[in-house]
Amino acid sequence: QVQLVESGGGLVQAGGSLRLSCAASGRTFSTYAMAWFRQAPGKEREFQTAITGSGLRTYYADSVKGRFTISRDNAKNTVYLQMNSLKPEDTAVYYCAAGEDYGAFVRGDYDKGADYWGQGTQVTVSS
């Protein structure tokens, strides 16, 4: 069982930045693709970005492309989401996920891609 714990959320003004972290348990972190999702009140969970186990390939949803950056430090068992130029519509609970199939995240097959989920961290962007 892989355990994921998100941190770094909070309240920020529009145009500001936050960096989220997701710390993972286990000895095989580098074998997992990682992804970030978000869910706003009354909306479905939305895919944001994914990264391969090696960190060499990434993929972004159009809504965050050019503003958000996913990265990972396998020595620390941690994946990051750097969020810049934040907008009020970015307000949501942000979740990290781990899975063995990076391609599934890219194809939009999230049930296949995400084997484990974190508890989420709240991001609120004020205008």
Enquirer: Kindly indicate whether the side chain of F68, heavy atoms from C-beta on, has any atom under 4.5 Å from the side chain of N84.
Expert: no
Enquirer: Mind checking whether V5 and C22 have side chains closer than 4.5 Å, heavy atoms only?
Expert: no
Enquirer: If you look only at pairs with a residue in residues 62-72, which of them pass as a side chain to side chain donor-acceptor pair (under 3.5 Å), with sequence neighbours excluded?
Expert: D62-K65, R67-D90, R72-N74
Enquirer: Below 4.5 Å, heavy atoms only, C-beta onward: do Y94 and L81 meet side chain to side chain?
Expert: yes
Enquirer: Does a donor on one side chain and an acceptor on the other come within less than 3.5 Å for D73 and T78?
Expert: no
Enquirer: For a quick check under 3.5 Å, do Q119 and E6 share a side-chain donor-acceptor pair by atom type?
Expert: yes
Enquirer: Quick one: does any side-chain atom of Y60 pair with a main-chain N or O of I70 as donor and acceptor, under 3.5 Å?
Expert: yes
Enquirer: For a side chain to side chain contact (heavy atoms under 4.5 Å, CB included) check, start with the C-alpha distance between F29 and M34, then their side-chain angles and the critical distance, and finish with the verdict.
Expert: CA-CA 9 Å; F29 177 71; M34 300 293 294; 3.8 Å; yes
Enquirer: Taking the ring of Y59 and the ring of Y102, is the distance between their centroids below 6.0 Å?
Expert: no
Enquirer: Are I51 and F47 co-members of a hydrophobic cluster defined by side-chain heavy atoms under 4.5 Å apart?
Expert: no
Enquirer: Nearest heavy-atom pair of A14 and S127: which atoms, and what distance?
Expert: CB-CA, 4.5 Å
Enquirer: Measure the CE-CG distance between M83 and L20 for me, rounded to the nearest 0.5 Å.
Expert: 3.5 Å
Enquirer: For the residue pair Q48 and E46, establish whether any side-chain heavy-atom pair is separated by less than 4.5 Å.
Expert: yes
Enquirer: Taking the side chain as everything from C-beta on, heavy atoms only, tell me whether D115 gets closer than 4.5 Å to V2.
Expert: no
Enquirer: Does R19 qualify as a cation-pi partner of Y80, given the criterion of NZ or CZ under 6.0 Å from the six-membered ring centre and within 45 degrees of its axis?
Expert: yes
Enquirer: Determine, using the 4.5 Å side-chain heavy-atom cutoff (strictly less than), whether V79 and Y116 are members of one ILVMFWY cluster.
Expert: yes
Enquirer: Hey, mind stepping through T121 and V93 against side chain to side chain contact (heavy atoms under 4.5 Å, CB included) and telling me if it holds?
Expert: CA-CA 5 Å; T121 185; V93 177; over 6 Å; no
Enquirer: So do K87 and V64 actually touch side chain to side chain, heavy atoms under 4.5 Å?
Expert: no
Enquirer: For Q13, does the CD atom have more than 12 heavy-atom neighbours from other residues, nucleotides or ligands under 6.0 Å away?
Expert: no
Enquirer: Could you tell me whether R45 sits above the aromatic face of Y95, with NZ or CZ closer than 6.0 angstrom to the six-membered ring centre and within 45 degrees of the axis?
Expert: yes
Enquirer: Can you see which heavy atom on A40 is nearest to which on A92, and at what distance?
Expert: N-CB, 3.8 Å
Enquirer: Keeping the roles fixed (side chain from N77, backbone from G26), state whether a donor-acceptor pair exists under 3.5 Å.
Expert: yes
Enquirer: Indicate yes or no: at least one non-hydrogen side-chain atom of V12 is less than 4.5 angstrom from one of T124.
Expert: no
Enquirer: Judged by atom type as modelled, is there a donor-acceptor pair below 3.5 Å linking the side chain of S30 to the main-chain atoms of G53?
Expert: no
Enquirer: Ignoring hydrogens and angles, tell me if any N or O in the side chain of T52 forms a donor-acceptor pair with the backbone of R57 under 3.5 Å.
Expert: yes
Enquirer: What about the rings of W117 and F37, do their centers lie closer together than 6.0 Å?
Expert: yes
Enquirer: Any side-chain heavy-atom pair from R38 and T91 closer than 4.5 angstrom?
Expert: no
Enquirer: Hydrophobic clusters here meaning ILVMFWY residues chained together by side-chain heavy-atom distances under 4.5 Å, can you tell me if F105 and W36 are in one?
Expert: no
